[in-house]
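See structure below.
In this text, all values refer to a predicted model and were calculated from it rather than measured experimentally. We're numbering straight along the sequence, starting at 1.
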Amino acid sequence: MRSNTIRRAVRWIPRILLLTLVTLAFVYPFWWMLVNSLNTNAQVFGQPRLLPQGWQWQNYIEIFRKQPFARHYLNTILVACVGTLGNVLISALSGYAFSRIRFPGRELLFILLLTALMMPIEVIIIPLFYQMKAWNMTDSLYPLMFIPIFCSQGALSAFMFRQFFVTIPSELEEAGRLDGLSHFGIFRYIMLPISMPVASSAGILAFLASWNTYLEPLVFTTSIEKYTLPLSLNNFNDVYGQPEWHLQLAATTLSVIPVMIVYLVFQEKVTDAMVSSGLKG
């Protein structure tokens with residue numbers, strides 16, 4: 001028995017070493033960012049160290065003095081939250097319609113929806129800009145809220161909901177009709193509650209996409225008060241236009257904390273929903 005235990009332990013040693021190396025490869029960039037956020041600009045590209053050289057805590061104060069970083073943080077939270085809620089609601093409704101309601105042209109419309117998954121934002125950004133300009137929505141946060149709902153991210157969420165809803169037994173829908181529920185009632189009281197895992201996953205993916213988007217704020221916003229975090233991070237420069245890396249790293253450290261918390265807490269739901277979305281067509 002003891003020899004078998006020793007053999008199993010020896011067999012696990014290479015796996016543990018491999019997992020440790022892989023973990024270090026992923027953790028080290030974040031640790032490097034955290035350490036250098038507490039260094040001076042000159043120390044950032046000095047000899048790599050595991051701990052900060054100067055412990056410059058004032059870097060985290062300076063980023064709020066350099067520009068309205070708190071306002072940028074709030075802008076990003078507003079855009080991400082509104083875009084995520086709209087994404088989940090509209091996608092759930094469209095996913096239910098494509099999966100449970102028969103109407104003329106349904107399959108064709110669903111194919112058109114899938115083409116949005118292959119349409120990068122760079123392709124449609126110019127038409128979107130002129131559309132928003134015609135609606136007097138440039139230099140505002142409204143386009144940044146609409147894009148996660150109606151562009152490729154919304155199409156991905158709708159696809160996930162549709163693939164989930166087609167797996168629901170029709171008996172549940174028939175029971176709702178016997179109780180006098182309309183299509184909206186069936187969606188509200190039956191389909192939506194049981195689709196919470198998919199809604200959570202779609203919401204997380206939409207939140208991450210909205211939080212990290214860079215091109216859209218760059219195109220649609222001009223005043224610094226309307227900036228979101230990705231633009232704000234690129235705006236820490238000295239009087240000569242050179243990047244102040246220590247401030248950029250301090251601001252980046254603060255900006256990734258919400259994303260890391262959201263993903264670490266809900267990563268299993270993201271994986272499960274992405275796997276289950278392809279079980280049935």
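Arg106 pairs by the salt bridge (charged side-chain N to carboxylate O under 4.0 Å, His left out) definition with nothing, not counting sequence neighbours. Qualifying side chain to side chain contact (heavy atoms under 4.5 Å, CB included) partners for Ser232, counting only residues two or more places apart in sequence or in other chains: Gln67, Phe69, His72, Phe236. For the salt bridge (charged side-chain N to carboxylate O under 4.0 Å, His left out) test, no residue two or more places apart in sequence or in another chain qualifies with Glu62. With sequence neighbours excluded, the residues forming a side chain to side chain donor-acceptor pair (under 3.5 Å) with Gln58 are Gln56, listed by chain and number.
Among pairs with a residue in residues 182-199, those fulfilling side-chain hydrogen bond (donor to acceptor under 3.5 Å, both in side chains) read Tyr96-His183, at least two apart in sequence or across chains. Pairs passing the side-chain hydrogen bond (donor to acceptor under 3.5 Å, both in side chains) check and including a residue from residues 137-151, sequence neighbours excluded, read Asp139-Thr222, Asp139-Ser223.
For Arg162 and Phe110, the positive end sits near the middle of the six-membered ring, less than 6.0 Å away and at most 45° from its axis.
The aromatic ring centres of Tyr28 and Trp32 sit 6.0 Å or more apart.
If you take CG on Leu249 and CG on Leu254, they are separated by 11.5 Å, rounding to the nearest 0.5 Å. Annotation: the span from Thr40 atom OG1 to Gln53 atom CD amounts to 7.0 Å, rounded to 0.5 Å.
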One pair to check against side-chain contact (heavy atoms from CB on, under 4.5 Å): Thr213 and Leu144. What are the steps and the verdict? CA-CA 9 Å; Thr213 185; Leu144 310 184; 5.6 Å; no
Please test Arg177 against Ile186 for side-chain contact (heavy atoms from CB on, under 4.5 Å), starting from the C-alpha separation and ending with a verdict. CA-CA 8 Å; Arg177 290 198 184 95; Ile186 293 172; 3.9 Å; yes
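Counting non-hydrogen atoms of other residues, nucleotides and ligands closer than 6.0 Å to OH of Tyr130 gives a total of 12 or fewer. Atom CZ of Phe45 has more than 12 heavy atoms from other residues, nucleotides or ligands within 6.0 Å. Within a 6.0 Å radius of CD1 in Ile126, other residues, nucleotides and ligands contribute 12 heavy atoms or fewer. No more than 12 heavy-atom neighbours from other residues, nucleotides or ligands sit within 6.0 angstrom of CG on Leu50.
Classification of the Phe98-Phe103 ring pair by plane angle, with boundaries at 30° and 60°, yields tilted.
Counting only N and O atoms by type, the side chains of Ser170 and Glu173 include no donor and acceptor under 3.5 Å apart.
Checked by atom type and distance alone, the side chain of Asn212 never pairs as donor or acceptor with a backbone atom of Pro230 at under 3.5 Å.
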